[in-house]
K.L.:
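Supplied in C-alpha cells, the structure appears directly below.
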Protein chains: 2
Amino acid sequence: MNLKELATRLGLSPTTVSRALNGYPEVNEATRERVIAAARRHDYHPNTRAIRLATGRAMAVGHVIPIATRHEIVNPVFADFIAGAGEVYTRNGHDMLLSIVPDEDEEATYRALKSKGNVDGVIVHAPRLDDPRIPLLHQIGLPFVVHGRATGATQAYSWLDVNNRRAFQRATEFLLDLGHARIGLINGLEFMDFAIRRRTGYLDALAARGIAPDPALMSSGEMTEIAGFRAAQAMLALPRPPTALLCSSMLSGMGARRAVESAGLVMGRDVSIIIHDDDLSYLKNGEEVPIFTATRSSVREAGRLAAEMLLGLIARPGTGPQERLLEAELIIGQSTGPALLAQRRQSPYHQGAQTSGGPL
Amino acid sequence: MNLKELATRLGLSPTTVSRALNGYPEVNEATRERVIAAARRHDYHPNTRAIRLATGRAMAVGHVIPIATRHEIVNPVFADFIAGAGEVYTRNGHDMLLSIVPDEDEEATYRALKSKGNVDGVIVHAPRLDDPRIPLLHQIGLPFVVHGRATGATQAYSWLDVNNRRAFQRATEFLLDLGHARIGLINGLEFMDFAIRRRTGYLDALAARGIAPDPALMSSGEMTEIAGFRAAQAMLALPRPPTALLCSSMLSGMGARRAVESAGLVMGRDVSIIIHDDDLSYLKNGEEVPIFTATRSSVREAGRLAAEMLLGLIARPGTGPQERLLEAELIIGQSTGPALLAQRRQSPYHQGAQTSGGPL
DNA sequence: GAATCGCCTCAAACCGCTTTGGGTATGTCA
DNA sequence: TGACATACCCAAAGCGGTTTGAGGCGATTC
C-alpha cells in the first residue's frame with residue numbers, strides 16, 4: 001500500500017492525502033479524518049526511503065565507533081549511553097545508525113556519512129585531547145554533539161559532559177575529611193579527556209589541603225577489574241600504603257576491593273574505596289543500599305540529553321553551540337570510613353614493611 | 001556533486017556514468033576509468049537515499065532492543081555482539097539500525113520496519129521459550145536470524161547459537177572428573193533459552209554419573225556480580241555446601257569468587273569455579289593465563305557470523321533457513337582443582353554446620 | 001552494397017513521496 | 001451582479017539515483 005493507491009482508493013489526489021497525513025492546514029478536517037482512518041485501516045506506512053529522498057533529510061543520527069588497534073570503545077558505558085540516546089531517537093521518529101569502523105577509516109566514514117546523506121548529525125564519543133574529529137566535523141558541516149569535552153579544541157562546539165573534575169575533587173575532599181591523607185588514584189587512561197579532568201580534581205583537592213601528590217599513588221590504565229586489582233595491589237604493597245582508593249569505574253573498584261580483601265584487609269574499615277558509578281543497568285552499585293561510596297551520574301540519562309541536544313541542533317541549524325555540564329552526586333555507601341581506625345589496623349603492615357624493607 | 005552534474009562534466013549521460021561506476025559490462029573500459037577518475041577527483045558519492053528509493057533495497061539491517069519493564073537486554077554481551085555484527089555490515093556497505101523501543105511496542109516496531117522499508121532484515125536477540133517474534137517475522141516476511149534458539153518454535157528459522165548444553169555438560173563432567181560431587185549451578189534467568197539449555201547440560205552430566213540433582217544447588221537469576229555473590233553465599237552456607245560452582249557469566253563468577261573468599265576459602269583449592277566466558281573485550285578472563293576455568297565462546301565472533309548469515313539470506317531470498325551451532329572451548333584456568341583436597345579443607349565447616357545445624 | 005551484429009551510449013520512465021503553483025467552487029461584499 | 005477572498009483540492013515538477021528499451025556506429029558477413 002502506497003500513497004498513490006491510498007489516494008485513488010479515497011478518490012483524492014496524492015497531494016491531499018499527503019497533506020492530510022502530515023497535518024497541513026489547507027485540508028478539510030473531515031477529509032483529514034477520513035484519510036487518517038483509511039490509512040489506519042489499510043495499515044499504510046509512508047515509505048521512509050521516499051520521504052528521505054523527497055525531503056532531503058535523513059531522519060537518522062549516526063554514532064561512529066572506531067575499533068581495533070586503538071583503545072576499545074565498545075565498553076559497558078557505551079552500551080548504556082546508546083540505550084538512552086536510542087530512546088530519544090525512537091520517540092522523535094529518527095533512526096540510530098551505528099557504524100563500526102576500523103579506526104583508520106574514521107575520518108572517511110564521517111565524510112561519507114555526510115556526502116552520501118545517511119545521517120543528519122552525529123554524536124562524538126570518548127573525546128581525547130586535541131580530538132581531530134571536532135575540526136573535521138566543523139569543516140564538513142555535519143551537526144554534532146560531543147559526549148564529554150575535548151581539551152585543546154580551538155573552535156566552539158556542542159557538548160554534554162559530567163563535571164568530572166568537580167566529582168573527583170569532592171570525592172577526594174570527602175576522604176580527606178574522613179582523615180585519609182594517603183589516597184590512591186586508580187584512573188582511566190589519561191589520554192581520555194575525562195580521565196585528565198578527574199586527575200585534576202583529585203590534585204586540586206589535595207593541593208587545597210597542602211598535600212603533595214605522591215606519584216606512586218597515581219595510576220592510569222584500562223578500567224577493568226584486573227587492572228584495578230593490579231593497581232590497588234601495587235599501591236597496597238608500598239612501604240606507606242594508601243588508606244583510601246579513588247577508582248574511576250565500577251569494574252576497577254571491584255578489582256581494588258579484591259586486592260584489599262586478598263591482602264587480608266576489610267574494605268570500609270582498613271581501606272576506603274570510592275568509585276565513579278555510571279549507574280549502568282547491569283552493573284548496579286548494590287540495590288537499595290549502595291555498596292561503594294561513589295560519585296554517581298547516569299550515563300543513560302547523559303545519552304538521552306545528548307540526543308535531545310543533537311536533535312535540537314538539527315531542527316534549528318542556526319543556533320550556536322550548546323553546552324551542558326552535569327553534576328555527579330556523591331552517594332555514601334559502605335566502602336568508606338574514617339581513617340584513624342584504618343591507620344591503626346594497618347600499622348602492623350607498615351612496620352613489617354619498614355623494618356624488613358630498607359629505608360622507606 | 002551529483003550524478004547529473006558529474007555526467008555533464010564528463011559529456012556523458014547519467015545512465016552511462018551510473019553503469020560505469022556500478023561495474024556494468026556494457027560500458028567501455030576506457031570510459032569506465034575516465035568516469036571513476038572523475039568521480040574520485042570531484043569526491044562524488046552517490047546519494048544513499050536516492051539509491052535506496054531506486055533499488056527498493058534498504059541496505060540496512062535492524063537490531064530491535066526492547067527496553068524497560070522486562071529483563072534488560074542492554075548488557076555487556078549485547079554490546080560485543082553488536083560490535084562484531086557491525087564490522088560485517090560496514091564491510092558489506094550496509095548500515096546498522098538500532099531501535100531502542102519500549103517492549104510493548106516491539107511488535108509494532110517490526111511491522112513498521114518492514115512496511116516503511118527501513119531495513120532488509122533483522123537480528124533477533126535473546127530468544128525466550130516460545131518466542132513470539134519468530135512467527136511474527138515469518139508472517140510479515142522480514143528476513144531474520146536469531147542469535148540463540150527459541151525452544152518451542154513451530155516453524156523452521158535461521159539461527160546461530162553456542163552449544164550451551166554441551167558446554168555446561170562438559171564443564172560439569174570436568175568437575176566430576178576432578179572428584180567434585182556437590183556442584184552448584186549459578187544460572188541465568190531460566191526463561192531465557194540459553195539458560196534452559198545450560199541447566200540441561202548440567203543435569204545430563206550429573207545423571208550420567210548417577211548423581212541426583214539437589215535443588216538447593218541450582219539457582220537462577222540475573223547475571224550480575226551481586227546476584228552471583230548472593231547465590232554463592234547462600235550455597236556455601238548450606239549444611240553440605242558445594243565444592244564447585246558453575247557460573248553462567250564472568251560477572252556472576254566474580255561474585256561467586258568474592259563469596260568464596262569472604263568465607264575464608266580459597267578459590268581453586270577449597271572451591272572450584274567454572275564460568276562461561278563470552279570473551280568480551282573489556283571483561284577479559286585474565287590476560288595470557290586465564291584466571292577462571294571457563295567454557296569460552298566469543299560473542300563478538302558470533303555477531304560476525306550471524307551478520308554474515310543474515311546478509312546471505314537477504315542476498316539470496318530463495319534459500320531456506322540456515323542453522324549454525326558453535327562449540328564452546330573449555331579452557332583451564334586457576335579456579336579449578338581436585339575435590340579431595342577441597343573436601344578436607346572444608347570439613348571443619350561441614351562439621352560445624354552439622355553439629356550446630358540440626359539433622360543431616 | 002545491404003544486412004547483420006556487437007559495442008557503446010542515451011532518453012525516458014520509474015522508485016514513492018513532498019511541495020510548488022495553480023484551479024475551482026463557495027461565500028462575501030459592494 | 002460582478003469582484004474578490006477563502007477553503008479545498010489537484011497536476012506536475014522535483015528529490016537523485018537505477019533500469020528499460022532503443023538507437024547510433026563501425027566492423028563483419030554474405
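All chains are named by letter (A, B, ...) in the order of the sequence lines, taking the proteins before the strands, and each is independently numbered beginning at 1. Since we're looking at a predicted model, the values are computed, not measured.
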K.L.:
Starting from P on C:dG16, measure out to CZ on A:R49 and report it in whole angstrom.
P.N.:
8 Å
K.L.:
B:L53 or B:T15: which one's nearest nucleotide on DNA chain C is closer to the 5' end?
P.N.:
B:T15
K.L.:
Atom CD of A:E26 and atom P of C:dT24: how far apart are they, to the nearest Å?
P.N.:
19 Å
K.L.:
Answer whether the closest heavy-atom distance between the side chains of B:F78 and B:I65 falls below 4.5 Å.
P.N.:
yes
K.L.:
Taking all non-hydrogen atoms of both residues, which atom of B:R32 and which atom of B:G23 are closest, and how far apart?
P.N.:
NH1-CA, 3.1 Å
K.L.:
Measure the distance from CZ on A:R57 to C1' on C:dT19 and round it to the nearest whole Å.
P.N.:
13 Å
K.L.:
To the nearest Å, how far apart are B:R52 CZ and D:dT18 C1'?
P.N.:
15 Å
K.L.:
Identify whether any heavy atom of B:T55 sits under 4.0 Å from a base atom; if not, whether one sits that close to sugar-phosphate; answer base, sugar-phosphate or nothing.
P.N.:
sugar-phosphate
K.L.:
Quick check on D:dC10: is either OP1 or OP2 less than 4.0 Å from any side-chain nitrogen or oxygen of A:Y24?
P.N.:
no
K.L.:
Rounding to a whole Å, what distance do you find between B:L3:CG and D:dG17:P?
P.N.:
5 Å
K.L.:
Please state how far atom CG in A:L21 lies from atom C1' in C:dG16, giving the value in whole angstrom units.
P.N.:
14 Å
K.L.:
Side-chain N or O of B:S13 less than 4.0 angstrom from OP1 or OP2 on C:dT9?
P.N.:
no
K.L.:
Would a 4.5 Å heavy-atom cut-off, applied to side chains only, mark B:H147 and B:V299 as touching?
P.N.:
yes
K.L.:
Within this structure, what is the CG-to-P distance between B:N22 and C:dC8, rounded to whole angstrom?
P.N.:
17 Å
K.L.:
For the pair A:K114 and A:D120, find out whether any cationic side-chain nitrogen is under 4.0 Å from an anionic carboxylate oxygen.
P.N.:
no
K.L.:
Could you tell me whether the side chains of A:N2 and A:N47 share a donor-acceptor contact shorter than 3.5 Å?
P.N.:
no
K.L.:
Given the structure, check if the side chain of B:S18 and the base of D:dT19 hold any donor-acceptor pair shorter than 3.5 Å.
P.N.:
no
K.L.:
Select from B:R19 and B:I51 the residue whose nearest nucleotide in DNA chain D is closer to the 5' end of that strand.
P.N.:
B:I51
K.L.:
Return yes if the base of C:dT9 and the side-chain atoms of B:T31 contain a donor-acceptor N/O pair under 3.5 Å, otherwise no.
P.N.:
no
K.L.:
Would you mind reading off the distance between A:N47 atom CG and D:dC15 atom P, rounded to a whole angstrom?
P.N.:
19 Å
K.L.:
Please check the phosphate of D:dA7 (OP1 and OP2 only) for any side-chain N or O of A:N28 closer than 4.0 Å.
P.N.:
no
